[in-house]
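The block underneath contains the structure these notes are about, expressed in structure tokens.
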Protein chains: 2
Amino acid sequence: MPEPDGAAQETELSEVVGRLRHLIDAGRLPEDGRLPPERALAAEFCTGRRQVRRALDHLEAEGLIWRHQGKGTFAGQPPDPTTKMAAKIVAEVDPLGVMEARLCLEPSIAALCAERAQAEDVARLRALAARIKLPADAETAELWDGALHRTIARVAGNRILLTAFGLVDEVRHHPGWQAPRARARTADSARISDRQHAAIIDAIAAHDPVGAAAAMRLHLETLAAGLAQSLEDQG
Amino acid sequence: MPEPDGAAQETELSEVVGRLRHLIDAGRLPEDGRLPPERALAAEFCTGRRQVRRALDHLEAEGLIWRHQGKGTFAGQPPDPTTKMAAKIVAEVDPLGVMEARLCLEPSIAALCAERAQAEDVARLRALAARIKLPADAETAELWDGALHRTIARVAGNRILLTAFGLVDEVRHHPGWQAPRARARTADSARISDRQHAAIIDAIAAHDPVGAAAAMRLHLETLAAGLAQSLEDQG
DNA sequence: ATCCGAACCAATTCGCTAATGGTTAGCGGA
DNA sequence: TCCGCTAACCATTAGCGAATTGGTTCGGAT
């Protein structure tokens, strides 16, 4: 028999996988999401290191964890260079500084987008804008809002500006800054944002760079004002 | 007399500055551009560490060197993590794309700079502008030109924008793109750039954001036109 | 023949020391 | 009396070696 007791091994492996999943979900991991070493896990689960590695292979294939030789095993996604840069910047900048940077970048990006957008690009933008107003919860709306702005930057067709925008976006979405932005979001502000998004996209569709830049600037200034108000209320 | 021999000290300081400049320009530095420790420089120049530090202060204000406690003193620009990113971008972008990005970023940066520049900042900018027209060779002039634009970005006081600018600057200075820029530089274009630099700094000194942005935009458009011409001539 | 455990390899982190830029206290000259 | 300099000190970082950790291979047990 090529596999003496393959079924039993299968069940043991999936049990280890389950215990690891529980360990990750339980939130008992340190701040950086680091898992115990493989050897320690093997001892804790009263099994061999090999089984632990197999289980970790599964979890890694699922994208639930990432590993690096000499470094360790971590829950979540591996950090890419942009996030590292963003993390450094977050320490030295405040939400208003981010809005300032957006005000520098995004109007010009919108203008370029207006120059270059094809009909299908405009359709994509409209679809995204429509999605923003669907969800009730602020977090999902933020997600689609980010997607809209990012798509505008992508359509603008300048790789450098897209990277710069991505940097700002990364800083913007950094955990810890969600609270003031969530506070700043109300039903009223959402409605205003929707109208402003529509105005931006209209200008882009009309291939009107100046109008697109102006509409984007107005939108960002509105957001900045709301954010400033929120920060003022807070502290 | 409040200053015993202030003049003599001045001359000694500027001599140290000159020797340091020569040391940097001579290209006898190691690959990473590291300068000898301050103590060693003091010994070599037969002076005190204080004078060396003052001289280095000048060079740092000019953006020619950067220092970090415990790390050392280096010629050139402090390495952002942008370097790796820039290498990726270089492959997917052309010189005109860089100019496009600069046209998006730098006018707004100049406006912010105009809002926030102190008298000493303006003085630094004027000193840099004066240095651009001194050297005969294009490469050194480019160096000082870069230092001027970077200082404007630094004075603007927004860390994110400074990083974004650094990204563009890194791409811009990537080897292989020097040739068309060198071809685009003539005695005429240098004189025009000088005047435009002066106009930018005047607007900044006058705390005129709109004027600074307009002057910067004009300057970059002039550069872009020259670059486009150069590329066209090339083929 | 297959699979597991132990040993080994490579990359990283940690703790320490030396080196280096930044700062301050105290002295000497005008 | 005041200013500026030298020397010592502080904070941060590089360099190095030992320990840690994921990745791999080899020998043996079933």
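Being a predicted model, the structure only gives us computed values, none of them experimental. Below, read A as the first sequence line, B as the second, and so on, with proteins coming before strands; counting in each chain starts at 1.
Panel note: side chain A:Ser230, backbone A:Gly226; no donor-acceptor pair is recorded below 3.5 Å. The backbone N or O of B:Gln196 lies less than 3.5 Å from no partner atom in the side chain of B:His219, so there is not a single donor-acceptor pair. In this structure a side-chain-to-backbone donor-acceptor pair under 3.5 Å is present from B:Arg34 to B:Lys71.
The pair A:Arg54-A:Glu15 does not count as a salt bridge, with every side-chain nitrogen at least 4.0 angstrom from each carboxylate oxygen. A salt bridge is absent between B:Arg124 and B:Glu62; no separation between the charged side-chain nitrogens and carboxylate oxygens falls under 4.0 Å. Taking the charged nitrogens against the carboxylate oxygens, A:Arg131 and A:Asp145 have no contact shorter than 4.0 Å, which rules out a salt bridge.
Between the C1' atom of C:dG22 and the CG atom of B:Asp57 lies a distance of 10 Å, rounded to the nearest Å. Rounded to an integer number of Å, the gap from CG of B:Leu56 to P of C:dT20 is 14 Å. Between B:Arg54 atom CZ and C:dG22 atom P the separation is 15 Å, expressed in whole Å. The nearest whole Å value for the distance from the CZ atom in B:Arg39 to the C1' atom in D:dC10 is 11 Å. Remark: P of D:dT6 and CD of B:Glu38 are 14 Å apart, rounded to the nearest angstrom. B:Arg67 has its CZ atom 16 Å from the P atom of D:dT13, to the nearest Å.
Contacts of residues 41-50 of chain A with DNA chain C (heavy atom under 4.0 Å): A:Gly48, A:Arg49, A:Arg50.
Residue B:Arg53 places none of its side-chain N or O atoms closer than 4.0 Å to OP1 or OP2 of C:dG21. A close approach under 4.0 Å does occur between a side-chain nitrogen or oxygen of B:Thr73 and OP1 or OP2 of C:dG21. Within the 4.0 Å cut-off from OP1 or OP2 of C:dA11, not a single side-chain nitrogen or oxygen of A:His68 is found. Between B:Gln69 and D:dC10, a side-chain N or O to OP1/OP2 separation shorter than 4.0 Å is absent.
With sequence neighbours excluded, no residue forms a ring-ring contact (aromatic ring centres under 6.0 Å, His included) with A:Phe45.
With C:dG21, D:dG22, D:dC5 as the candidates, the nucleotide lying closest to the side chain of B:Pro37 is C:dG21. Taking the side chain of A:Lys71 as heavy atoms from C-beta on, and the options C:dG22, C:dT12, C:dC4, the nearest nucleotide is C:dT12.
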